[in-house]
Amino acid sequence: MIETALIAAPDRADNAVFGRPLLERLMINCERAGIKRFVVAAPRDNYSAVARAMGRFKNSDTVSMVESFGEILNPRNARELGIDPSLPCVSFSGNLVFAKSQLKRVLDAHDSNPQSVHRAVSTDHDCGGEIATGPIGEILKRGGISNNVAGPAASLLPFALNGRPEDREEAELRLAKSIREESAHKDAPMARWVDRKISWRISYWLATNTRATPNMVTVANTMFGLATAWMFSVPNYWMRLFAAIFFLISITIDGVDGELARLKMVESDFGGKLDVLTDNIVHAAVFVGLLVGCYRVEHSRAYLYLIPLLLGGFAMCAVATWRAFKIKGDQAAVWLDKVDRWSGRDFAYLLVVLALINRLEYFAWGTAFGTYVFAFILIWITGRTASSMKTESL
């Protein structure tokens, strides 16, 4: 595993991309990829400016600054820096702007052949940035780390700032587009084909034109979702049709808070838990509102009896999902991605169709009993998956 990053300090290290300095963004992406040690090369008279551009890494003991990477090839200097030139590293040059998913592709290429040097250049007009992986000594001996990169791109990196006024806007736009790729493997089909194509544009606009935080988006969308729950309870065809449409819009906006957090690099456990909690509150409110609306339309008390039945099904689904996410092991990530897809909210599209033909009662009955079916199936598959993973580990 690569644990060291060599960074040729970008000459635009302090340029803000979605409100965060270019160099700090680079180092955060590295940290999230498992990098534990940074060596930053810069002229000594630029040390203070480069340190400021590191943001929260400024005073970290994981960062060393050198005037030249050539110092690492000197055994004495290498020992003082605590670096073994035979170990692998990832190196960066140029004013690179990239997403976590792009860095992962470069690191995956290294894992397939760790003894070789892999180089990838940026896709801007000047090919002004490079990421390389391989043994530290080999990278430095084979031309070192240079800002003058030439050759074909081995991997697609979004951009490098080259001094044009429009560079930052282009870099941010490419980052926003790349965000939807990071969760595509978890998305249900309609979310992947439709919702993400809309949500990333909203996220991009909010990130570039407002000071909105991800948690603000979560709370605002929760209020919007609760309003649709009330609309579902009104015994009026048009009100319930618009409720279904607005709920679908709410589902699309629900992806914005996570995308905005990734663009601004402000993801947090609290934000993730808040998102999950508010999603469940809105779901419960919408389905209860829908059942109340069916009761008020048909005047059948059966729909009132369905409310506790439905809430019990939601509770079982929550337990089943929690149990599924407790699975650990080498293939756990693949399994959890499947759980995310199965528990997606593509049902919102069906809800619009049923509201359009004025048959929301079909959804009410199907949901009341379908939640139990889903919970039991998920519990059963989770048990089989856990047993299979234990067997493979023996």
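Atom set for the values below is all heavy atoms of this structure, side chains included, hydrogens, waters and symmetry mates excluded.
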Can any side-chain N or O of [X] pair as donor or acceptor with the backbone N or O of [Y] at less than 3.5 Å?
| X | Y | value |
| --- | --- | --- |
| D275 | D257 | no |
| E172 | F18 | yes |
| R168 | V17 | no |
| D167 | R164 | yes |
| N280 | V276 | yes |

Note: [X]-[Y] ion pair, threshold 4.0 Å (strictly below):
| X | Y | result |
| --- | --- | --- |
| K104 | D108 | yes |
| E24 | R52 | no |
| E130 | R119 | yes |

Legend entry - Euclidean distance, S64 OG relative to I83 CD1, rounded to 0.5 Å: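 One finds 6.5 Å between CD1 of I83 and OG of S64.
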[X] vs [Y] side-chain heavy atoms within contact, under 4.5 Å:
| X | Y | value |
| --- | --- | --- |
| L26 | N29 | no |
| I72 | L6 | yes |
| L226 | V286 | no |
| E3 | I35 | no |
| V39 | I7 | no |
| M27 | L23 | yes |
| N77 | V66 | no |
| V297 | N236 | no |

Legend entry - Residue pairs, two or more places apart or on separate chains, that pass ring pair (Phe, Tyr, Trp, His ring centres under 6.0 Å) and touch residues 199-230: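 Non-adjacent pairs meeting ring pair (Phe, Tyr, Trp, His ring centres under 6.0 Å): F224-F246.
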Got more than 12 heavy atoms from elsewhere within 6.0 Å of [atom1], [X]?
| X | atom1 | result |
| --- | --- | --- |
| Y237 | OH | yes |
| E169 | CD | no |
| N209 | CG | yes |
| R37 | CZ | yes |

Legend entry - Partners passing side chain to side chain donor-acceptor pair (under 3.5 Å) against S203 (at least two apart in sequence or in another chain):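 Scan of S203 (side chain to side chain donor-acceptor pair (under 3.5 Å), adjacent residues dropped) gives E259.
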Inset, instruction - Would you please name every residue forming a side chain to side chain donor-acceptor pair (under 3.5 Å) with R296, sequence neighbours left out? - result: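 For R296, no residue satisfies side chain to side chain donor-acceptor pair (under 3.5 Å) once neighbours in sequence are set aside.
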Inset, instruction - Examine the side chains of N95 and N15 and answer whether a donor and an acceptor come within less than 3.5 Å of each other. - result: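 No - no donor-acceptor pair under 3.5 Å links their side chains.
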Inset, instruction - Say whether T218 and N215, considering side chains only, have a donor N or O and an acceptor N or O under 3.5 Å apart. - result: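 Result is no, nothing qualifies.
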Inset, instruction - Heavy atoms only: give me the nearest M231-R240 pair and the separation to one decimal. - result: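 In this case the closest contact between M231 and R240 is O-CG, 4.0 Å.
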Legend entry - For F38, all residues meeting ring pair (Phe, Tyr, Trp, His ring centres under 6.0 Å), sequence neighbours excluded: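 F38 satisfies ring pair (Phe, Tyr, Trp, His ring centres under 6.0 Å) with F57 once adjacent residues are dropped.
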Legend entry - Intermediate values then yes/no, side-chain contact (heavy atoms from CB on, under 4.5 Å), T133 and L107: CA-CA 7 Å; T133 60; L107 296 178; 4.1 Å; yes
Inset, instruction - Answer yes if L304 and L290 sit in the same cluster of Ile, Leu, Val, Met, Phe, Trp and Tyr residues linked by side chain heavy atoms under 4.5 Å apart, and no otherwise. - result: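 The answer is yes; both residues are in one hydrophobic cluster.
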May I have the list of side-chain donor-acceptor pairs in residues 363-373 shorter than 3.5 Å, sequence neighbours left out?
| from | atom 1 | to | atom 2 | distance (Å) |
| --- | --- | --- | --- | --- |
| W365 | NE1 | Y303 | OH | 3.4 |
| T367 | OG1 | F363 | O | 2.7 |
| T371 | OG1 | T367 | O | 3.3 |
| T371 | OG1 | A368 | O | 3.3 |
| Y372 | OH | L309 | O | 2.7 |
| Y372 | OH | G313 | N | 3.2 |

Inset, instruction - Measure the acute angle between the ring planes of F287 and F347, then classify it against the limits of 30° and 60° as parallel, tilted or perpendicular. - result: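 It falls in the tilted class, 30° to 60°.
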Inset, instruction - Decide yes or no on side-chain contact (heavy atoms from CB on, under 4.5 Å) for E361 and R359, but give the supporting numbers first. - result: CA-CA 5 Å; E361 66 272 15; R359 285 294 180 266; 3.1 Å; yes
Legend entry - All pairs passing salt bridge (charged side-chain N to carboxylate O under 4.0 Å, His left out) where residues 70-99 contributes a residue, at least two apart: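 Applying salt bridge (charged side-chain N to carboxylate O under 4.0 Å, His left out) to every pair that reaches into residues 70-99, excluding sequence neighbours, yields R76-E80.
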